[in-house]
Amino acid sequence: MSIEEIKKDEEQATEVISKNFIEQIIEKDLAEGVYDTVHTRFPPEPNGYLHIGHAKSILLNYGLACKYNGKFNMRFDDTNPTKEKIEFVDAIQKDIEWLGADWEDRLFFASDYFQEMYEGAIKLIQKGKAYVCDLSPEEIREYRGTLTEPGKDSPYRNRSVEENMELFEAMKDGKFADGERVLRAKIDMSSPNINMRDPIIYRVAHMTHHNTGDAWCIYPMYDYAHPIEDAIEHITHSICTLEFEDHRPLYDWVVRELEYSHPPKQVEFAKLYLRNVVTGKRYIKKLVEEGVVDGWDDPRLVSIAALRRRGFTPDSIRKFVELCGVSKADSSVDYGMLEFAIREDLKLKDTRIMAVLDPIKLIIDNYPEGQVEYMDADNNVENAELGTRKIPFSKELYIERDDFMEVPPKKYFRLFPGNEVRLMNAYFVTCTDFVKDENGVITEVHCTYDPETKSGSGFNARKVKGTIHWVSAKEAVKVTARLYENIIDEEKGVYNEDGTMNINPNSLIVTEDCYVEPYIKDAKAYDSFQFVRQGFFCVDCKDTTKDHLVMNRVVSLKSSYKLPK
RNA sequence: AGGGCUAUCGCCAAGCGGUAAGGCACAGCACUUUGACUGCUGCAUUCGCAAGUUCGAAUCUUGCUAGCCCUGCCA
């Protein structure tokens, strides 16, 4: 079966999956003629790097647009220059492109709409729906009331339209310092929904904006700006996370008061949390600053950049997000689900080669000294399209240390004195002897081979229970393997009682003396391979001082051999 | 005079009044030139709890309970 056929199968399988609640909303809107098309967007604030949670939102929005033949916009929600930087604008675009969400020519900046937002504010003032407030930040908080008590009206609430116009102009013209005046929507100070208690819609900030420079010294607040951004772009379904549910009445108020026709509709879904990893920008930042990880793309993190460096593919992340589903229930997905997604994606794409991570020498006593044979091997036994390769075989090999045991437990099928196993793609060998050093550590294993059992020869006079992998000691390439575990300890949870994070000290293990088939020599950065019985690895970089390839373990294989007690 | 939202297996998640889909994880068996993969099998008499309506309720009603979000001039 070719990869295409397999993919087709998978697509047919996913069609059976029932529609999520957002799809149901969209189909209802389409059926009732509320909208005649679907237009979504992903609106990050450029104040940090994207992570797996954002991937869910990106893929959801983009996926919906594709599914309903609609459009998908990329938009930077850059309404607060105090937090935003141009470097994040670039990094975010790169990550979204890599994920495969295509905004075509629709890349927008909220800041490009500042003029229209400003005109909207004037419209509100003239309708008597907005006023300039002189209260200090502290006073505004006091007047707002609490969760259980209503707020009270600002003394400036009933200024005349003329006065408000003058004052708002003065704000715009830089006559006030930061924090001195704000523009507020006039809604209801006694609303049980705090967001409706005359929310601030414009604040003064004398600050250079990465896109508009010094053109403005007043900036719109999210609650006011976002519905306008959506309306200008003719977004139909403005999809965001659950914490904005309480803001929806305000969202609707803005598009209604500004009299947009066919206004967008906000739909909320639950964020994606992953167990045993650090999600959340501020905590990732803390790990980076404290040097626990070596940067925002450290492969133990779940930022998009980290996942990319670790060797995750865009397809695997899409698969994972699809697997998780979309709902309104708070949830925390098992890390195993992510691992499943990447294994599933890579297993037919990657060349499966032999690598020895913890080497011990295997010497074939009856094999001619100096002889090198080239054995044929399928690059991927399940996918013939990947072709075959030649592997050097000789008298001295490396095998995995745990593929030999002096005293084997029950059901151990690998090498032990007197036992015969298959060397994958080569011959049967029988263990004859082994050597220990003065500390009792086994240093080499000896065996004999049977020339008749060569791989591919059709030999079937006898069978062996075990097959082990190997590399030729002389021809093998030495690499550094970086093995990763969850950065947070399974049982203990992310945070300790004192607020510190509970870091797993074994989350990164670096092993330098690993040997891989010479096949790896031509590998380039981000190329990935399946190492037989060791999982999937991805080329991270080349350590030029040692001429080593550095390989990141993407994910380990499910290993089902457990030593009996 | 608080408001909004959520609750179906260890973890996700369908279900929309007709008698509990699916995936991950886990377990067992088979197969195997990767103890992988693959295949097969098993895994919720019960849907947060309690009443009610109904021939029939995870689905409707009422009342509880638990969790999450909201008192930034952040998004």
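Everything numeric in this text was worked out from a predicted model, so none of it was measured. Per chain, numbering begins at 1; letters A, B, ... match sequence-line order.
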(Q) Mind checking if Q534(A) touches a base, just sugar-phosphate, or nothing, with heavy atoms under 4.0 Å? (A) nothing

Q) Quick one: is A13(B) close enough that its OP1 or OP2 comes under 4.0 Å of any side-chain N or O from S327(A)? A) yes

Q) Across the strands shown, which category fits T82(A) at heavy-atom distances under 4.0 angstrom: base, sugar-phosphate, nothing? A) nothing

Q: For residues E344(A) and K319(A), determine if any side-chain heavy atom of one lies less than 4.5 Å from a side-chain heavy atom of the other.
A: yes

Q.
Regarding G179(A), tell me which of base, sugar-phosphate or nothing describes its non-hydrogen contacts under 4.0 Å with the strands shown.
A. base

Q) Can you name the side-chain contact (heavy atoms from CB on, under 4.5 Å) partners of Y335(A), sequence neighbours left out? A) L274(A), V277(A), R310(A), L338(A), E339(A), N486(A)

Q: Taking side chain to side chain donor-acceptor pair (under 3.5 Å) as the test, write out the residues that go with N425(A), two or more places apart.
A: none

(Q) Testing R422(A), E452(A), E373(A) one by one against Y427(A) for a side-chain hydrogen bond (donor to acceptor under 3.5 Å, both in side chains), which residue passes? (A) E373(A)

Q. Any idea how F416(A) and Y412(A) line up, ring-wise: parallel (<30°), tilted (30 to 60°), or perpendicular (>60°)?
A. tilted

For nucleotides 37-43 of chain B, give me every protein contact, N/O to N/O, under 3.5 Å, one pair per line with atom names.
from   : atom 1 : to      : atom 2 : distance (Å)
C37(B) : O3'    : K347(A) : NZ     : 3.2
C37(B) : O2'    : E382(A) : OE1    : 2.8
C37(B) : O2'    : E382(A) : OE2    : 3.1
U38(B) : OP1    : K347(A) : NZ     : 2.8

N/O contacts under 3.5 Å, protein versus nucleotides 8-11 of chain B?
from   : atom 1 : to      : atom 2 : distance (Å)
G10(B) : N2     : D334(A) : OD2    : 3.2
C11(B) : O3'    : S332(A) : O      : 3.1
C11(B) : O2'    : S332(A) : O      : 3.0
C11(B) : O2'    : D334(A) : N      : 3.2

Report all interatomic pairs (protein N or O, nucleotide N or O of nucleotides 64-71 of chain B) with separations under 3.5 Å.
from   : atom 1 : to      : atom 2 : distance (Å)
U71(B) : O2'    : R144(A) : NE     : 3.3

Q.
For the aromatic rings, using the six-membered ring if either is Trp, is the centroid distance between F537(A) and F529(A) under 6.0 Å?
A. no

Q) Mind checking what makes ring pair (Phe, Tyr, Trp, His ring centres under 6.0 Å) contact with F269(A), not counting sequence neighbours? A) none

